[in-house]
Colleague: 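Handing you this structure, nothing more for now.
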Amino acid sequence: MVIRQTGALRRTVRSRYWLVLALLSCSPATAVEVIVNSDVAVQSITQNTLRAIFTMHMRQWPNGKPIKVFVLPETNMVHASFAKEVLHTFPYQLKRSWDVLVFSGSGQAPTVANSPGEMLQKVSSTPGAIGYLPNDYLIEGIKNENIHLLEPR
């Protein structure tokens, strides 16, 4: 038995489909702060430089020290917000660029920190490290002299 949809029913189903899809893709944006280890002398950074660092194309700070990049897991909402709002790219594009480096043998992927707490610990204890944290995580009064915020310009 075949049920035929009328034009009006088909348009209603299609418009509801797009509405649901739009609602699912609209996740609340999380404010994200870029953090670096206190031994990094850089105070502000351009968006292009930040993107080069997180795509693993820039491997040294201006003073020659190696950059150690930390990221949260791909499924983490903070990671998605960081990619979209700070780097102006999508998380899958970051992953793709890391995969190309790894599988071609010309580089490596960043180190994954499983939580904001682990991110804070790793960046604060690793010279030349860079990462990111949700803004509300920093507002909650967590102080650490071993990190400072890096201001994107």
Side-chain angles (χ1 to χ4, degrees), residues 14-153:
R14 195 177 317 139
S15 65
R16 286 187 180 161
Y17 169 78
W18 288 111
L19 176 64
V20 168
L21 192 62
L23 290 173
L24 289 175
S25 66
C26 294
S27 60
T30 304
V32 180
E33 297 288 344
V34 178
I35 60 170
V36 292
N37 187 283
S38 60
D39 78 335
V40 175
V42 177
Q43 298 299 318
S44 67
I45 193 166
T46 66
Q47 183 183 7
N48 287 339
T49 303
L50 199 56
R51 192 178 302 119
I53 290 171
F54 278 93
T55 56
M56 308 302 285
H57 290 101
M58 185 173 168
R59 298 177 183 171
Q60 293 181 343
W61 293 108
N63 64 3
K65 286 187 178 181
I67 299 173
K68 181 68 175 168
V69 180
F70 292 97
V71 296
L72 291 171
E74 291 177 56
T75 56
N76 190 300
M77 293 293 290
V78 176
H79 177 72
S81 289
F82 173 73
K84 291 177 187 175
E85 304 300 322
V86 178
L87 300 179
H88 298 287
T89 190
F90 291 99
Y92 76 87
Q93 290 172 310
L94 281 176
K95 173 81 167 113
R96 186 180 300 157
S97 71
W98 300 334
D99 288 347
V100 167
L101 291 172
V102 170
F103 296 130
S104 70
S106 61
Q108 54 186 335
T111 304
V112 176
N114 293 313
S115 68
E118 186 178 341
M119 173 76 78
L120 181 64
Q121 186 273 326
K122 286 181 182 259
V123 172
S124 67
S125 63
T126 307
I130 186 170
Y132 52 87
L133 287 173
N135 192 26
D136 57 352
Y137 194 81
L138 295 170
I139 291 174
E140 291 174 359
I142 296 173
K143 300 219 182 210
N144 191 324
E145 295 80 32
N146 296 325
I147 64 161
H148 68 270
L149 298 180
L150 193 58
E151 192 65 37
R153 34 179 170 117

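Computed from a predicted structure; not experimentally measured.
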Colleague: Judged by modelled atom types alone, do Gln47 and His88 share a side-chain donor-acceptor pair under 3.5 Å?
Modeller: yes
Colleague: Within the 4.5 Å heavy-atom criterion, are Trp61 and Ile130 side-chain neighbours or not?
Modeller: yes
Colleague: Are Ile67 and Met58 close enough that some pair of their side-chain heavy atoms sits under 4.5 Å apart?
Modeller: yes
Colleague: Assess Lys68 against Phe70: is NZ or CZ under 6.0 Å from the centre of the six-membered ring, and within 45 degrees of the ring's axis?
Modeller: yes
Colleague: Out of Val112, Val78, Thr111, which one pairs with Val71 under the side-chain contact (heavy atoms from CB on, under 4.5 Å) rule?
Modeller: Val112
Colleague: Measuring from Leu72:CG to Met77:CE, what's the distance to the nearest 0.5 Å?
Modeller: 12.5 Å
Colleague: If you round to the nearest 0.5 Å, how far is CG of Leu133 from CD of Glu33?
Modeller: 9.0 Å
Colleague: Which residue in the set Val36, Asn146, Ile35 passes side-chain contact (heavy atoms from CB on, under 4.5 Å) when paired with Ser124?
Modeller: Asn146
Colleague: Please check if atom CD in Gln108 has more than 12 non-hydrogen atoms from other residues, nucleotides or ligands closer than 6.0 Å.
Modeller: no
Colleague: Quick one: salt bridge (Lys or Arg N to Asp or Glu O under 4.0 Å) partners of Lys122, sequence neighbours excluded?
Modeller: Glu118
Colleague: Closer than 3.5 angstrom, by distance alone: can the side chain of Tyr132 be matched with the main-chain N or O of Val86 as a donor-acceptor pair?
Modeller: no
Colleague: Nearest 0.5 Å, what's the CG-CD1 distance between Asn48 and Ile53?
Modeller: 11.5 Å
Colleague: Between Asn135 and Val32, is a side chain to side chain contact (heavy atoms under 4.5 Å, CB included) present by the stated rule, with each step listed?
Modeller: CA-CA 5 Å; Asn135 192 26; Val32 180; over 6 Å; no
Colleague: Check whether any side-chain N or O of Asn37 sits under 3.5 Å from a backbone N or O of Thr126 as a donor-acceptor pair, and report yes or no.
Modeller: yes
Colleague: Could you tabulate the donor-acceptor pairs under 3.5 Å formed by side-chain atoms of residues 96-104, not counting sequence neighbours?
Modeller:
residue	atom	partner	partner atom	Å
Ser97	OG	Leu94	O	2.8
Trp98	NE1	Phe54	O	2.8
Asp99	OD1	Lys95	NZ	2.9
Ser104	OG	Val100	O	2.8
Ser104	OG	Leu101	O	3.3
Ser104	OG	Ser106	N	3.4
Ser104	OG	Ser106	OG	2.8

Colleague: Report yes or no: do Glu85 and Ser81 form a side-chain donor-acceptor pair below 3.5 Å?
Modeller: no
Colleague: Are any non-hydrogen side-chain atoms of Met56 and Pro110 less than 4.5 angstrom apart?
Modeller: yes
Colleague: If you look at every heavy atom in Ala113 and Pro73, which pair is closest and at what distance?
Modeller: O-CD, 3.2 Å
Colleague: Measure across Ala80 and Pro91 and return the closest heavy-atom pair with its distance rounded to 0.1 Å.
Modeller: CA-CG, 3.8 Å
Colleague: Flag the pair Ser38 / Glu145 as yes when at least one side-chain heavy-atom distance between them is below 4.5 Å, and no otherwise.
Modeller: no
Colleague: Report yes if some heavy atom in the side chain of Pro152 is under 4.5 Å from a heavy atom in the side chain of Ser44; otherwise report no.
Modeller: no
Colleague: Stepwise, does the side chain to side chain contact (heavy atoms under 4.5 Å, CB included) test hold for Ile45 with Glu151?
Modeller: CA-CA 6 Å; Ile45 193 166; Glu151 192 65 37; over 6 Å; no
Colleague: Hey, are Thr46 and Arg153 close enough side-chain-wise for a donor-acceptor pair under 3.5 Å?
Modeller: no
Colleague: Between His148 (side chain only) and Val42 (backbone N and O only), is there a donor and an acceptor less than 3.5 Å apart?
Modeller: yes
